[in-house]
2 protein chains.
Amino acid sequence: MAINRSGPNMSAIAAALGVSAATVSNALSGKGRVSPELIEKVRAKAAELGYVPSLTARALRTGRSGVLGLVLPDIANPLFPQIAQAIENAASNAGYGVLIADSRGDIARQTEAIGRLIERGVDGMVIVPRRGTRIADVGCPVAVIDTPSTPGNTVSADHWEGGAEMGRHLSLLGHRKVLLIGASPASNVQNDRIGGLKAGLGPGVECDTLWIEKVEAIEGEGCPLGLAARAAAGFTAFAAVSDLSALRALTELQRAGIGVPEAVSVSGFDDLIWSPVVTPALTTVRMDMTTIADLAIAALIRAIEPEDEPEDAEKTIAGKVASGQDRVPMQLIVRQSTGAPPSASLHAPNKPTAGELGT
Amino acid sequence: MAINRSGPNMSAIAAALGVSAATVSNALSGKGRVSPELIEKVRAKAAELGYVPSLTARALRTGRSGVLGLVLPDIANPLFPQIAQAIENAASNAGYGVLIADSRGDIARQTEAIGRLIERGVDGMVIVPRRGTRIADVGCPVAVIDTPSTPGNTVSADHWEGGAEMGRHLSLLGHRKVLLIGASPASNVQNDRIGGLKAGLGPGVECDTLWIEKVEAIEGEGCPLGLAARAAAGFTAFAAVSDLSALRALTELQRAGIGVPEAVSVSGFDDLIWSPVVTPALTTVRMDMTTIADLAIAALIRAIEPEDEPEDAEKTIAGKVASGQDRVPMQLIVRQSTGAPPSASLHAPNKPTAGELGT
DNA sequence: TATGGATGCTTAAACGTTTAATCAGAGCAT
DNA sequence: ATGCTCTGATTAAACGTTTAAGCATCCATA
């Protein structure tokens, strides 16, 4: 169906101009030997007739579909919109379409979803693997977006360094006892972030780690995290490893009458959509999704498209860079949810623009 | 590329069995006249060789690609994961792939994105239009997910009735002065919800509507909404038309020391991912995305695939149902963020399970 | 004026299906 | 035996593109 149903094809242009279809193809693609004047005439005729090439036919002939697959662990993940948008943008700038496949958190479905994409003839795929999953060889170029600690053709944010930056921020503010909040210890990403946080906070800071998944396994989903008690126990900062957890912490603390940021600080990760609009706006660390997507797509395309300029031995080097690991920096975004701890006679001079500071 | 690069094709099976490729095709599709024994042999051989049909070739021949397009106003929308997941699921159950296209909120891009999908030969598309946009004829079957007040082949949640349910809930609790909070008056969906809310609250309840977009145009993005003042002015309930706005309201009120739900109630729409885990958990209204997606995909497929059983005149009726408007009910989810207003000597007997009620 | 190489175009095959048209043979009635 | 229908297969064309190979023509060089 589609527009091609009635739309003109190359033969129509060829017939209208009294030339062969092959010439039209060459003229439009600029590949064979066609006189400049004819090229111009072909272009004009194509535009006049409203010619739209059949990507299907091209795919059949060339063996390349111009479509990339995007495999996600769970579309419902709040980070997904950012990823999908960035990937879709990068891909469509490169002339590729994006086919989505959701594995709904299920590992069997992930394999099945990958299979479906292969059947549809995708030229390559971007996989955001489910926590701790290793991707088997799938028979087409693959770019994995996860964390640098995953081996393979990975491009990802530098989660560790992002955590370290946040850690330094908190430490500089004067916090000496901070609670690290993660969802699941099975996540490489979260572990990297926690590792970075600890490193950034430094040896002088007391840390404890709370895994939400574990407490929910006991207390039930959506249960209180007991953060007020933690605050009473002297924790002055709650550094979550995702904005979703941070939001949960923030509201739980607020509900308990504990002021953020004047009593305790809360920070997150990922700069999710609500982060700037809650009160107080969340201090967080943002992934540069645009760059990540660009790198992933570029790597994929290098693997898919034949290298045009085998100028030097540089080709090989480029190939290696492609299949290596790229890690892109994260950006600390300081907003209102972090500030100096109450007892801070310490010097925390410049950074935070906290809305209202208690003494 | 893909697996087809090396994979066997129909001719391979045909050659291995000493029959013609056409027969193999007929055997596998069950269309022509092939003896049962041969069908079995072909099946077996296909399995043995690991035959995977080329959907590309099939698409070229039949003119149908088996791919549906999903056009979104803005992938970054927090509701998007739900939509995408439901659509992807429904489509893949029906044997279709889903190509995504993001218009990033831009209306020109929306047209362009639709064009790209057409070029790729999608058999039909699901469009979630940008606020207030009308979709022009695009040359292929289209299902629109928006609101019943949009004319066309629309399937959507019954936003109005959802609003009415929430309104009745609030009214029943005893609220007599409620602030309706919307993002943009240009949104049909939001207007429907607001209309429903007003109707559900009934004539005895005083209402005012706050459009966030308008106050942000003056005060800047992410500015405070002045909700504490509203509470002081006697508003006891804040009914947002999206969970994102509800969350914004909730945190702003909490930050101002106003207890939710004992002092004021807050409610939202859509049951976004964070709604159950914030404190207090948000009372909201959920769309039945699964049903919506199923209806949209089913309508699309009816339009795409030739009707097999023209048994009776029922065919026509089915066709009408398909191109009409389907509205699916929304579900009220009462959690902790709504409760009786402080002065409620009124009878609000059963419904709310509010966490802690002040007197 | 031959020889050789660009140049500009055409021919034809190929990609892997589907499907209409055809055909050989079998069974059966006339 | 001749004609007819039914069955189970084959042949060939078609979908719209790309691309290798071929064929004139023309210009320059020998």
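What you are looking at is a predicted structure, and each value in this text was computed from that prediction instead of being measured. Order of the sequence lines sets the chain letters (A, B, ...), proteins ahead of strands, with each chain counted from 1.
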Side chain of Ser29(A), backbone of Ser25(A): donor and acceptor closer than 3.5 Å? yes
Please give me the minimum heavy-atom distance between Ala143(A) and Ala296(A), naming the atom from each residue. CB-O, 3.9 Å
Quickly work out the Leu60(A) CG to dT18(C) C1' distance and round it to whole Å. 13 Å
Kindly say whether Gly95(B) contributes a backbone atom to a donor-acceptor pair with the side chain of Ser92(B) at under 3.5 angstrom? no
State, to 0.1 Å, how close Met287(B) and Ala157(B) come at their nearest heavy-atom pair, and which atoms those are. CE-CB, 3.7 Å
To the nearest angstrom, how far is Glu37(A) atom CD from dT7(C) atom C1'? 12 Å
Near-strand residues of residues 23-35 of chain B, defined as heavy-atom separation under 4.0 angstrom from DNA chain C: Ser25(B), Asn26(B), Lys31(B)
Ala84(A) versus Leu70(A), closest heavy-atom pair with distance: CA-CD2, 4.1 Å
CG on Leu60(B) to CG on Leu55(A), rounded to 0.5 Å: 11.5 Å
If you look at every heavy atom in Ile145(B) and Pro129(B), which pair is closest and at what distance? O-CD, 3.3 Å
Among residues 42-51 of chain B, which residues get a heavy atom nearer than 4.0 Å to DNA chain C? Tyr51(B)
Measure the distance from CZ on Arg64(B) to P on dT17(C) and round it to the nearest whole Å. 17 Å
Without decimals, in angstroms, what is the distance between Arg120(B) CZ and dG16(D) P? 18 Å
Result for side-chain contact (heavy atoms from CB on, under 4.5 Å) between Leu68(A) and one of Val126(A), Ile304(A), Val122(A), Ile87(A) points to Ile304(A)
So which of residues 9-21 of chain A are in contact with DNA chain D, with a heavy-atom cut-off of under 4.0 Å? Asn9(A), Met10(A)
Check Ala59(B) against Thr56(A) and note the closest heavy-atom contact, atom names and distance. CB-CG2, 3.6 Å
Over all heavy atoms of both residues, which pair between Ile292(A) and Ser156(A) is shortest? Give the atoms and the distance, please. CD1-C, 3.9 Å
Quick one: Leu55(B) CG to dC15(C) P, roughly how many Å, whole number? 18 Å
When you measure from the side chain of Asp123(B) to the backbone of Arg64(B), do you find a donor-acceptor pair of N or O atoms at a distance under 3.5 Å? no
Which nucleotide in dC15(D), dC15(C), dT10(D) has an atom nearest any side-chain atom of Arg61(A): dC15(C)
